[in-house]
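Input: a single structure, listed below in structure tokens.
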Protein chains: 2
Amino acid sequence: MTPTLDQVFSALADPTRRTILAMLLEDDMAVTDVAEPFDVSLAAISKHLGVLTAAGLISQEKRGRVKWCKLEPDALREASVWMQGFGQMDAIDLDAFENFLSKELGPSTQAP
Amino acid sequence: MTPTLDQVFSALADPTRRTILAMLLEDDMAVTDVAEPFDVSLAAISKHLGVLTAAGLISQEKRGRVKWCKLEPDALREASVWMQGFGQMDAIDLDAFENFLSKELGPSTQAP
DNA sequence: AAAAACGTCAACCAAATGGTTGAATGTCCG
DNA sequence: CGGACATTCAACCATTTGGTTGACGTTTTT
């Protein structure tokens, strides 16, 4: 089931979860190691990881007794595109945008 | 007080609020007019607008008995930058962008 | 085999969220 | 002035959220 914008944005709304994502930017991590720097229980972190997984922002793979957490940055794309619709054009690839425009406004599709 | 990433992302996590933002993309609107298409009470919409204002995503200016709501897209920048840190966002998904244009702005919108 | 490590589950709790209704406030108009 | 309109406030309710603790099932280590 593809995650919704609701899931992605509300997953990002929690500072603990954003920190976890930033940690995973460095490297894949086991659940216990993700939990280590935080001042909450392992179970709480396990729940956060469940939310991030449901939102598609990370994936989890169990190898032996260790469950590895891996960042899935592609899940941010849909949300990023939504935001860019509000004028954050400096954030997008202008070449790709021009390419899009020339395709849309090309000779055969030009509005009368 | 500058809004936090928490406030921005959790404001964006609600579909009603995202729809309101998309409506304000077209034009400034009065609270009553914002509420009109939704199937909830005016008070509920008023609360949503309060959340959006606290997040800095809109501003509200009272002129006479009418309170005008105006999109403040700059508030998205901080959140957008945070997401950019996760990479692979530079090549915008053109299909998704087109989808945004047609879905959020509506088919009646015409290019100038 | 027993112990330790890894992680989740279940039950519970407090606080936040999104919704309702009805009264209250302010403003325009006849 | 008095009424209609625009918006918020206050009190309330159900659900969700983020947290806890302790028990539990697996896998590794000794």
Side-chain angles (χ1 to χ4, degrees), chain A residues 1 3-24 27-72 79, chain B residues 1 3-24 27-72 79:
Chain A
M1 139 200 56
T4 64
L5 273 186
D6 283 32
Q7 287 177 296
V8 172
F9 280 129
S10 59
L12 295 179
D14 184 274
T16 299
R17 286 193 292 261
R18 285 199 308 276
T19 302
I20 291 174
L21 292 177
M23 289 163 59
L24 292 176
D27 209 348
D28 299 358
M29 295 178 80
V31 173
T32 305
D33 294 331
V34 169
E36 194 271 329
F38 295 99
D39 199 21
V40 298
S41 68
L42 183 60
I45 297 298
S46 181
K47 281 191 192 177
H48 281 305
L49 292 171
V51 172
L52 290 170
T53 301
L57 292 165
I58 68 169
S59 58
Q60 292 180 286
E61 184 199 355
K62 195 166 139 194
R63 284 207 304 270
R65 65 178 166 180
V66 173
K67 202 164 185 177
W68 293 92
C69 304
K70 180 180 183 308
L71 194 63
E72 297 289 348
Chain B
M1 143 199 54
T4 64
L5 273 186
D6 283 33
Q7 287 176 296
V8 172
F9 280 129
S10 59
L12 295 178
D14 184 274
T16 299
R17 286 192 291 260
R18 284 199 309 276
T19 302
I20 291 174
L21 292 177
M23 288 164 60
L24 292 176
D27 210 347
D28 298 359
M29 295 178 81
V31 173
T32 305
D33 294 331
V34 169
E36 193 271 327
F38 296 99
D39 200 21
V40 298
S41 69
L42 184 60
I45 297 297
S46 181
K47 281 191 191 176
H48 281 306
L49 292 171
V51 172
L52 289 171
T53 301
L57 292 165
I58 69 170
S59 58
Q60 291 181 287
E61 184 200 356
K62 195 165 140 194
R63 284 208 305 270
R65 62 180 166 178
V66 173
K67 204 164 184 178
W68 291 92
C69 304
K70 180 179 184 308
L71 194 63
E72 297 289 348

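Chain letters run A, B, ... following the sequence lines, proteins first and then strands; every chain starts at 1. What you see is a predicted model; the values in this text were computed from it and never measured.
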Quiz prompt | Rounded distance (Å) that lies between atom P of D:dT27 and atom CH2 of A:Trp68 | solution = 17 Å
Quiz item: Rounded to the nearest Å, what distance is computed from the CG atom of residue B:Leu49 to the P atom of nucleotide D:dA6?
Solution: 15 Å
Can you name the atoms? Protein N/O to nucleotides 1-4 of chain D N/O, anything below 3.5 Å, with the distance.
none

Could you pull out all donor-acceptor pairs under 3.5 Å where a side-chain atom in residues 29-49 of chain B meets a protein atom, sequence neighbours excluded?
{"from": "B:Ser41", "atom 1": "OG", "to": "B:Ala44", "atom 2": "N", "distance (Å)": "3.1"}
{"from": "B:His48", "atom 1": "ND1", "to": "B:Arg17", "atom 2": "NH1", "distance (Å)": "3.1"}

Quiz item: What is the minimum heavy-atom distance between B:Ala55 and B:Val8, and which atoms define it?
Solution: O-CG2, 3.7 Å
Exercise. Considering non-hydrogen atoms only, spot the tightest contact between B:Ala79 and B:Phe9 and give its length.
Key: CB-CZ, 3.8 Å
Exercise. Taking only heavy atoms on the protein side, list every residue of residues 39-46 of chain A lying under 4.0 Å from any atom of DNA chain D, sorted numerically.
Key: A:Val40, A:Ser41, A:Ala43, A:Ala44
Quiz item: So which one's nearest nucleotide on DNA chain D is more toward 5', B:Thr32 or A:Asp14?
Solution: B:Thr32
Quiz prompt | DNA chain D: 5'-proximal contact among A:Gly64 and A:Lys47 (nearest heavy atom) | solution = A:Lys47
Exercise. Determine which pairs satisfy salt bridge (Lys or Arg N to Asp or Glu O under 4.0 Å) with at least one residue from residues 48-61 of chain B, sequence neighbours left out, and list them in order.
Key: B:Glu61-B:Arg63
Sequence neighbours left out, what passes side-chain hydrogen bond (donor to acceptor under 3.5 Å, both in side chains) with [X]? Give chain and number order.
X       : value
B:Thr53 : B:Gln60
A:Ser59 : A:Glu72
A:Asp6  : B:Arg18

Say you draw a straight line from [atom1] of [X] to [atom2] of [Y]; how long is it, rounded to the nearest 0.5 Å?
X       : Y       : atom1 : atom2 : result
A:Lys70 : A:Leu57 : NZ    : CG    : 12.5 Å
A:Asp14 : A:Thr19 : CG    : OG1   : 8.5 Å
A:Ser10 : A:Leu5  : OG    : CG    : 10.5 Å
A:Leu24 : A:Trp68 : CG    : CH2   : 11.0 Å

Exercise. Answer with base, sugar-phosphate or nothing: what part of the nucleic acid does A:Lys62 contact at a heavy-atom distance below 4.0 Å?
Key: nothing
Quiz item: Hey, does A:Arg63 reach any base, or is it just sugar-phosphate, or nothing, if we go heavy atoms under 4.0 Å?
Solution: nothing
Quiz item: Can you give the first and last nucleotides of DNA chain C, 5' to 3', that have an atom under 4.0 Å from a heavy atom of chain B?
Solution: C:dG18 to C:dC28
